[in-house]
Amino acid sequence: MRRASVVGAGAVFTTAIAVQAIAIAQTWGAAYALPGGAAAAVVCVLALLHRRPAWAPVAGLAVAALAVLLPEAAGADLPTEPGPATALGLMVLVGTAVRTRPPVVAGAVATAWAALTVAGQVAAEPEASGVTGVTAMNGLAWAAAVAAGLTFRTLDARAGAVAERVRRAERLELARELHDIVAHHITGMLIQAQAAQIVARRDPGRVGEALTEIETAGSDALTAMRRVVGLLRDADDGAPPSPGPEELGTLVGRFEGKGPAVRLRVPDRTDWPPEVASTVHRVVQESLTNVLRHAPRARSVEVTVDRVPEGIAVEVADDAPHGPAHARHRGGYGLVGMRERVESLGGTLSAGPGPGAGWSVRAVLPVPVREPR
């Protein structure tokens, strides 16, 4: 799509430059078409750059300004207003700047083009009381670029706000789960401490074993807290239970009643920390939900959970044919929430179309190794 858009824009720019050159050549002469055509070509090339640098709008305006002001300063009888082809290139450059640059920079770029348009009008017709056609065209192009840039800037801000709300909700859910994790370990520590008091009265030699268990439970609780540290909990609702690995079968069973068949592969040993288990469950749940929403032609889904050198890897892959629905996979905010949860635990998440068909989501989560005592 990116290549197609660049080719299409290049064709439009080339046509505009050719039409502008022909019109000037027929009216003023062929030699008069060269300066404006060269300036338009430079501005349009800047507009076509794949990763447009921050200085591109400034460079485009500088080239357009030179094309307007140098002929006047040299006393040459050349067209001075930015031509239609130059205006098209400036529309892309200025519109992008208004959309992506900081407000002060965006305002300065937009103002500079407006000032250049006025300067071109004055240089062309210093005593004219009306606005020339080329100047009016530049004014309309300026208004369209600013309006488009502001519109996309607003849409981007709204999308960013929604994504931030999703990330915040994921952090809050993780923080609520932290309550369960720590409560579980502290409860075990209290039980061990009470048992140690009884053992101390009956068999003092076994107190060391009980104290070791208490130390282990405390170490596990601290490890879990460090892995979720920095997440704030400001909700008053109760903490949801943290699902374990054995509940993946139940989750898959519910999904198969609504969607395609699912093959689930889980390792024999599932002694994962609670925060890892809940994240694996969340990745599978969200991925299966996306299959229902975006891959109605999928016939099967494969859910694989396995041990890898980095920790635990979970992958959900469907076999739906490639098509427009896959593009919508990328735009969902569920993927934002999954990535926030996985990366908060030090893991990685990737999602994209398969080599032949289908869509795949893969997450790798590190599992802390308990140090020997």
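- A donor-acceptor pair under 3.5 Å links the side-chain atoms of Asp318 to the main chain of Trp359, judged by distance alone.
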Which pairs would a plain distance check flag for residues 87-96, meaning a side-chain donor or acceptor within less than 3.5 Å of a matching protein atom at least two apart in sequence or in another chain?
{"unit_1": "Thr96", "atom_1": "OG1", "unit_2": "Arg52", "atom_2": "NH1", "d": "3.1"}
{"unit_1": "Thr96", "atom_1": "OG1", "unit_2": "Val92", "atom_2": "O", "d": "2.7"}

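- When the shell of 6.0 Å around CZ of Arg299 is examined, it contains 12 or fewer heavy atoms from other residues, nucleotides or ligands.
- Taking all atoms of both residues into account, the shortest heavy-atom contact from Pro260 to Val301 is CG-CG2, 3.8 Å.
- Between the side chain of Arg99 and the main chain of Ala148, no donor-acceptor pair closer than 3.5 Å is present.
- Val7 and Val45 are assigned to two separate hydrophobic clusters, defined by single-linkage of ILVMFWY side chains at heavy-atom distances under 4.5 Å.
- Within the 4.5 Å cutoff, side-chain heavy atoms of Asn138 are placed close to those of Trp113.
- Across all non-hydrogen atoms, the minimal contact from Leu349 to Arg339 is O-NH2, 3.2 Å.
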Kindly indicate, with the supporting measurements, whether the criterion side-chain contact (heavy atoms from CB on, under 4.5 Å) is fulfilled by Ile312 and Val280. CA-CA 9 Å; Ile312 296 295; Val280 170; 4.1 Å; yes
message: Working note: Val284 + Phe255, criterion side-chain contact (heavy atoms from CB on, under 4.5 Å); need CA distance, chi angles, decisive distance, verdict.
response: CA-CA 11 Å; Val284 174; Phe255 173 81; over 6 Å; no
**Chi angles and distances behind the side-chain contact (heavy atoms from CB on, under 4.5 Å) call for Val342, Thr279** = CA-CA 7 Å; Val342 170; Thr279 301; 4.0 Å; yes
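- When atom types are taken as modelled, the side chain of Arg153 and the backbone of Arg101 share a donor-acceptor pair closer than 3.5 angstrom.
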